[in-house]
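Report on the following structure.
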Amino acid sequence: MPTDSVERFLTALDPEHREAVGTKPREEQQRLADAWERELADDTELDTLDELSPPAAEAEAARRVLRLEAG
């Protein structure tokens with residue numbers, strides 16, 4: 001399991017988004033990864049999902065971060 005927050009964030013993304021985010025500058029990737037970690041820490045709905053499936057919670061948080069970016 002990757003320990004770097006950017007690597008963990010990229011792993012949580014679906015392949016299409018992983019490729020798109022992977023082409024962004026490292027600073028942008030880090031900013032998104034930081035937002036992803038905040039989403040994981042702050043959203044209580046994800047706490048319940050995390051207990052059932054940590055990868056699913058991480059993927060949902062990644063989708064939310066990308067939706068906010070696109071919004």
Side-chain angles (χ1 to χ4, degrees):
M1 171 182 242
T3 56
D4 175 67
S5 63
V6 172
E7 288 180 39
R8 288 181 53 235
F9 174 63
L10 290 173
T11 299
L13 293 169
D14 62 73
E16 179 182 328
H17 289 109
R18 185 178 309 127
E19 185 177 322
V21 172
T23 64
K24 295 183 182 289
R26 178 68 182 191
E27 296 81 22
E28 178 70 8
Q29 292 176 9
Q30 186 64 57
R31 188 182 66 72
L32 291 169
D34 292 345
W36 172 72
E37 287 189 337
R38 283 191 303 276
E39 183 72 19
L40 283 170
D42 295 344
D43 192 303
T44 56
E45 280 182 25
L46 290 175
D47 289 341
T48 303
L49 183 57
D50 187 50
E51 290 178 16
L52 299 172
S53 174
E58 291 180 350
E60 177 58 26
R63 283 190 292 275
R64 291 177 183 185
V65 166
L66 293 181
R67 269 197 307 268
L68 288 172
E69 284 296 309

Find out whether Leu13 and Leu66 are in side-chain contact, i.e. whether some heavy atom of one side chain is under 4.5 Å from a heavy atom of the other.
-> yes
With sequence neighbours excluded, tell me which residues meet salt bridge (Lys or Arg N to Asp or Glu O under 4.0 Å) with Asp14.
-> none
Between Gln30 and Val6, is there a donor-acceptor pair closer than 3.5 Å when you use the side chain of the first and the backbone of the second?
-> no
With a 4.0 Å cut-off, would you call Asp4 and Arg26 a salt bridge?
-> yes
Answer yes or no: is there a side-chain heavy-atom contact under 4.5 Å between Glu28 and Glu69?
-> yes
Shortest non-hydrogen separation from Lys24 to Gln29 and the atoms involved = O-NE2, 3.0 Å
Of all pairs that satisfy ring pair (Phe, Tyr, Trp, His ring centres under 6.0 Å), the ones with a partner from residues 23-70, not counting sequence neighbours = Phe9-Trp36
Ion pair Glu60/Arg67, N-O distance below 4.0 Å = yes
For Leu10 and Gly22, the nearest pair of non-hydrogen atoms, with its separation, is CD2-N, 4.2 Å
Output yes when Glu45 and Arg64 qualify as a salt bridge under the 4.0 Å nitrogen-oxygen rule, no when they do not.
-> yes
So which heavy atom on Asp34 is nearest to which on Ser5, and how close?
-> OD1-OG, 4.4 Å
Euclidean distance, Leu40 CG relative to Arg8 CZ, rounded to 0.5 Å = 7.0 Å
Between atom CD of Glu39 and atom CG of Leu32, what is the distance when rounded to the nearest 0.5 Å?
-> 12.5 Å
What pair of heavy atoms forms the shortest contact from Ala61 to Leu46, and how long is it?
-> CB-CD1, 3.7 Å
